[in-house]
Amino acid sequence: MHKKILLLLTLALLAVPLLPVYAGAALELDGKLLSDGDPVVIEGRLMVPVRPVFEELGYALSGNLEEGIVLAQKKNHKIEICLWEPKLVVNGKEMSLTAAPQLIMGKTFLSEQDLAKLLDLQNFRAKGTDQVVLFSKPELTREGVIRHLLAADRQLMRAEYYNNQEFLAQHNIAPSPKIVTRDDLIMLLGRHWSAHFIENLWAAGSRDGQYIGFFSEGSIPLLYSKELAVTELTGTGAKVEVKLPLWGNEDMTRFEERVYTLNRDKEGNLLITNVECK
């Protein structure tokens with residue numbers, strides 16, 4: 001009994017960081033702001049809370065604090081995070097880390113680099129912001145295609161609602177980066193949308209060689225969709241049928257049906273190459 005009490009007191013003390021901790025930037029994954037996802041900086045190293053990222057990617061989390069282990073599982077993929085040790089175990093194989101996982105105010109943190117490597121995410125800092133940006137790599141599975149299509153739609157909304165940031169915030173979509181040139185637009189959309197779509201958006205939203213966006217209008221967000229169904233899936237692409245309510249349709253009884261075609265390019269990006277109404 002005394003040992004258990006001592007262990008719990010020790011864990012409680014360890015949960016309070018002894019190293020200098022500073023509030024970091026907000027965290028986004030695939031264009032979505034993650035709630036309760038603020039990173040912190042410990043001695044110059046950016047540490048990211050694991051729960052919002054893991055749960056957004058479909059993992060279930062549990063913990064055994066007596067052994068100092070946090071478990072993350074998704075189907076047959078199992079990750080054991082060893083608190084305060086620079087290692088973890090993935091499906092029985094040990095993996096070294098650049099920094100020991102930390103427990104801060106009841107939340108488990110991994111370094112930005114370790115989290116990206118562990119979950120095969122692409123990470124970078126958005127130009128002109130302090131935003132921590134993570135992207136999942138597109139998988140040609142039904143779940144992966146739907147996730148990628150929703151991510152593509154969030155990126156498009158950031159361009160279309162460039163002058164209506166409140167609308168983006170209402171849907172937990174990351175704020176638009178600064179868009180001035182065509183290259184800025186390509187940087188935002190290029191991993192999800194084909195050059196044809198980007199050029200059309202540039203033509204509609206730019207004046208005198210500068211992007212000015214739209215006052216408040218944009219397409220109907222896919223997060224409003226009633227149905228999304230992958231109807232074709234190959235090794236190089238997919239088709240997705242979507243049923244969307246029409247704007248201004250208060251009783252939500254009139255719908256528009258679209259078919260999205262996605263194809264991989266030479267760089268491995270899964271791009272939307274066509275959108276047609278049925």
Side-chain angles (χ1 to χ4, degrees), residues 4-74 77-137 151 169 172-175 177-178:
K4 285 188 176 181
I5 293 174
L6 181 60
L7 177 61
L8 290 173
L9 287 172
T10 302
L11 289 172
L13 288 171
L14 285 171
V16 179
L18 302 178
L19 301 173
V21 177
Y22 306 94
L27 175 66
E28 70 172 79
L29 173 62
D30 292 332
K32 182 177 183 180
L33 280 178
L34 300 184
S35 59
D36 201 26
D38 293 349
V40 298
V41 178
I42 303 178
E43 288 196 334
R45 187 183 298 276
L46 189 66
M47 305 292 287
V48 178
V50 302
R51 179 173 293 277
V53 179
F54 273 102
E55 289 184 342
E56 180 66 21
L57 294 175
Y59 284 84
L61 286 176
S62 60
N64 186 336
L65 290 184
E66 289 191 3
E67 296 183 8
I69 293 176
V70 175
L71 302 175
Q73 192 153 6
K74 180 181 178 181
H77 198 224
K78 183 179 180 181
I79 299 170
E80 302 175 48
I81 301 172
C82 305
L83 295 172
W84 311 296
E85 297 181 54
K87 69 174 185 178
L88 48 75
V89 180
V90 181
N91 291 336
K93 295 183 179 180
E94 189 171 304
M95 170 182 165
S96 60
L97 301 173
T98 62
Q102 299 292 317
L103 186 65
I104 304 173
M105 302 300 290
K107 300 177 184 178
T108 303
F109 285 74
L110 283 175
S111 77
E112 179 187 21
Q113 296 92 333
D114 290 332
L115 184 65
K117 181 179 179 181
L118 174 64
L119 297 176
D120 198 23
L121 301 172
Q122 297 173 326
N123 64 309
F124 64 94
R125 296 295 183 90
K127 181 180 177 182
T129 74
D130 294 326
Q131 197 74 15
V132 181
V133 180
L134 298 172
F135 281 105
S136 58
K137 296 180 181 178
N172 293 321
I173 295 173
K178 185 176 182 180

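These numbers were taken from a predicted model, which means no experiment stands behind them.
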Any non-hydrogen side-chain atom of [X] less than 4.5 Å from a side-chain atom of [Y]?
{"X": "N64", "Y": "L71", "value": "no"}
{"X": "Y59", "Y": "Q73", "value": "no"}
{"X": "L134", "Y": "L119", "value": "no"}
{"X": "H77", "Y": "V90", "value": "yes"}
{"X": "L88", "Y": "E80", "value": "no"}

[X] to [Y] - nearest heavy-atom pair and separation:
{"X": "L33", "Y": "I173", "value": "CD1-O, 4.0 Å"}
{"X": "K74", "Y": "L57", "value": "NZ-O, 2.8 Å"}
{"X": "F135", "Y": "G31", "value": "CE2-N, 4.5 Å"}
{"X": "S111", "Y": "A99", "value": "CB-CB, 4.3 Å"}

Gap separating the [atom1] atom of [X] from the [atom2] atom of [Y], nearest 0.5 angstrom:
{"X": "L29", "Y": "N123", "atom1": "CG", "atom2": "CG", "result": "11.0 Å"}
{"X": "L110", "Y": "L97", "atom1": "CG", "atom2": "CG", "result": "6.5 Å"}
{"X": "I69", "Y": "E85", "atom1": "CD1", "atom2": "CD", "result": "8.5 Å"}
{"X": "I81", "Y": "L61", "atom1": "CD1", "atom2": "CG", "result": "7.0 Å"}
{"X": "S96", "Y": "K117", "atom1": "OG", "atom2": "NZ", "result": "6.0 Å"}
{"X": "M47", "Y": "R45", "atom1": "CE", "atom2": "CZ", "result": "7.5 Å"}

Between D30 and S136, is there a donor-acceptor pair closer than 3.5 Å when you use the side chain of the first and the backbone of the second? yes

Given 3.5 Å as the limit, does a donor-acceptor pair link the side chain of D120 with the main chain of K137, or not? no

Among P101, P49, P39, the one residue meeting side chain to side chain contact (heavy atoms under 4.5 Å, CB included) with F109: P49

Just jot down the salt bridge (Lys or Arg N to Asp or Glu O under 4.0 Å) partners of K78, sequence neighbours excluded, or say none. none

